[in-house]
Amino acid sequence: MLPLASAGGEHEGPGYFGLVFYVGLVLLIIAFLVGRTRAGLNKKVFKNPITQAAEQMYLFVEAMVLNIIGPHGRKYIPLIGTLWMVIFISNGVALFFASAPSADLSFNLAMALIAIAYVQHEGIKGHADHLIAHGEGKAAAWFKGFFLHMRHFAGPKLPIAMAIIITPLLFVVELISELMKNVSLSLRLFGNIHGGHTAVEALNTAYGPMLHLPVGGFLILVKLLTVVVQALVFTLLTCVYISLVTHHEEEHGKEAAHAH
């Protein structure tokens, strides 16, 4: 039998084979839901309940992305929608099984690294696109875009006497803060999902090792709320991070509109 949940406290999460099993299960569920959604798209009025739910999910993600990032954020809907679906389904799996991908710290850290790396890429790309639009070569634009993106970690321009001391400190602090976003995103999700399993198990065994009562099931409403809230927090924070590094795209767009 595959070790679908770790024991003994050496590893917090489902274990290697368990993680492969649960990730495969999540992908199968997503593939099934996407297939059922596509099957209901050939009518003007969606009567398939799964298609209706997918439409509502899209509208929700679209509103969140546009409200936080702005009009230029529409291109990020596929990324945010994918993150939302993976985390939401993973958290949902945790309601019915001993563990889930989002109950494994390494899985959550991998998603956080992907999200934050993409944020940095979009920050550099925004500067590079602006420079290319003004006639800069592609390679030079990306090279300068990298340093312009790194420049925002140094904070606002200061008088030279203050900049010598404060700017390097700000740069280091902001750089550490950026790296810690990976820890924040992954630990928050892991703590809530894995903690839910731990709390249920503790309640079930609270009356001694010989008496196993399923009283942890009374936490189902709290766990249902956690499923939604944790998917929301991860995707909402990713939107905020993207907004912080791409707000100049909107400013560049307004400048271009005024120029015409």
Side-chain angles (χ1 to χ4, degrees), residues 22-38 41 50-51 53-93 100-102 104-130 132 142 145-146 149 152 177-190 192-193 227-253:
Y22 287 118
V23 169
L25 180 63
V26 168
L27 292 178
L28 278 176
I29 294 173
I30 291 175
F32 170 77
L33 293 176
V34 170
R36 293 299 302 162
T37 299
R38 286 172 60 86
L41 289 177
I50 295 180
T51 307
E55 181 188 24
Q56 295 304 314
M57 190 205 81
Y58 175 82
L59 293 174
F60 167 75
V61 171
E62 180 188 45
M64 179 171 64
V65 169
L66 296 183
N67 284 328
I68 296 176
I69 302 177
H72 70 283
R74 186 170 293 279
K75 60 184 176 182
Y76 301 114
I77 292 176
L79 169 74
I80 301 301
T82 302
L83 286 174
W84 167 271
M85 185 170 287
V86 170
I87 297 170
F88 181 76
I89 299 295
S90 297
N91 294 349
V93 165
S102 52
D104 186 274
L105 183 57
S106 59
F107 181 82
N108 296 338
L109 183 59
M111 284 201 302
L113 287 170
I114 291 171
I116 298 302
Y118 185 77
V119 167
Q120 305 310 317
H121 170 269
E122 287 302 290
I124 298 170
K125 183 176 179 293
H127 289 293
D129 288 345
H130 180 65
I132 291 170
W142 276 90
F146 171 78
H149 176 65
H152 89 274
S177 171
E178 201 69 16
L179 293 172
M180 292 305 290
K181 287 176 181 175
N182 294 294
V183 180
S184 170
L185 284 175
S186 55
L187 273 182
R188 183 184 297 106
L189 182 56
F190 166 74
N192 279 278
I193 303 303
V227 167
V228 178
V229 169
Q230 289 309 310
L232 173 65
V233 169
F234 195 103
T235 51
L236 188 145
L237 286 176
T238 303
C239 287
V240 171
Y241 298 152
I242 292 175
S243 171
L244 290 174
V245 300
T246 62
H247 61 87
H248 50 77
E249 285 187 31
E250 195 170 352
E251 294 169 2
H252 294 160

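Since we're looking at a predicted model, the values are computed, not measured. Note: hydrogens, waters and symmetry copies are ignored here, and every other heavy atom, side chains too, is used.
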Test item: [X] side-chain N/O and [Y] main-chain N/O as donor-acceptor pair under 3.5 Å:
X: Ser184; Y: Met180; value: no
X: Thr238; Y: Phe234; value: yes
X: His149; Y: His121; value: no

N/O donor-acceptor pairs under 3.5 Å from side chains in residues 108-118, not counting sequence neighbours:
unit_1: Asn108; atom_1: ND2; unit_2: Ser102; atom_2: O; d: 2.8
unit_1: Asn108; atom_1: ND2; unit_2: Asp104; atom_2: O; d: 3.4

Are any of the side-chain heavy atoms of [X] and [Y] separated by less than 4.5 Å?
X: Val65; Y: Ile242; value: no
X: Met64; Y: Leu232; value: yes
X: Asn91; Y: Leu189; value: yes
X: Thr235; Y: Val61; value: no
X: Leu66; Y: Pro71; value: no
X: Trp142; Y: Lys125; value: yes
X: Arg188; Y: Leu237; value: yes

Give, for atom [atom1] of [X] and atom [atom2] of [Y], the distance between the pair rounded to the nearest 0.5 Å.
X: Ile69; Y: Ser243; atom1: CD1; atom2: OG; value: 6.5 Å
X: Asn182; Y: Leu187; atom1: CG; atom2: CG; value: 10.5 Å
X: Ile29; Y: Met85; atom1: CD1; atom2: CE; value: 11.5 Å

Mind jotting down which residue pairs meet the salt bridge (charged side-chain N to carboxylate O under 4.0 Å, His left out) criterion with at least one end in residues 24-36? Sequence neighbours excluded, please.
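Sorted result for residues 24-36: empty, none.
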Taking only residues two or more places apart in sequence or in another chain, which ones pass side-chain contact (heavy atoms from CB on, under 4.5 Å) with Thr37?
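Here the qualifying residues are Ile50, Thr51, Ala54.
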Would you tell me whether Tyr76 and Glu122 have side-chain atoms, one donor and one acceptor, within less than 3.5 Å of each other?
yes
Non-hydrogen atoms of [X] and [Y] that approach each other most closely:
X: Val26; Y: Pro101; value: CG2-CG, 3.7 Å
X: Ser90; Y: Phe107; value: OG-CE2, 4.4 Å
X: Ile87; Y: Ala231; value: CG2-CA, 3.6 Å
X: Gly123; Y: His127; value: O-CD2, 3.2 Å

Could I get the full list of side-chain hydrogen bond (donor to acceptor under 3.5 Å, both in side chains) partners for Ser177, not counting sequence neighbours?
none
Please enumerate all residues that pass salt bridge (Lys or Arg N to Asp or Glu O under 4.0 Å) together with Arg74, with sequence neighbours excluded.
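With sequence neighbours excluded, Arg74 shows a salt bridge (Lys or Arg N to Asp or Glu O under 4.0 Å) to Glu62, given in chain and number order.
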Holding to ring-ring contact (aromatic ring centres under 6.0 Å, His included), I want the full list of residues that pass it with Phe88, two or more places apart in sequence or in another chain.
Trp84
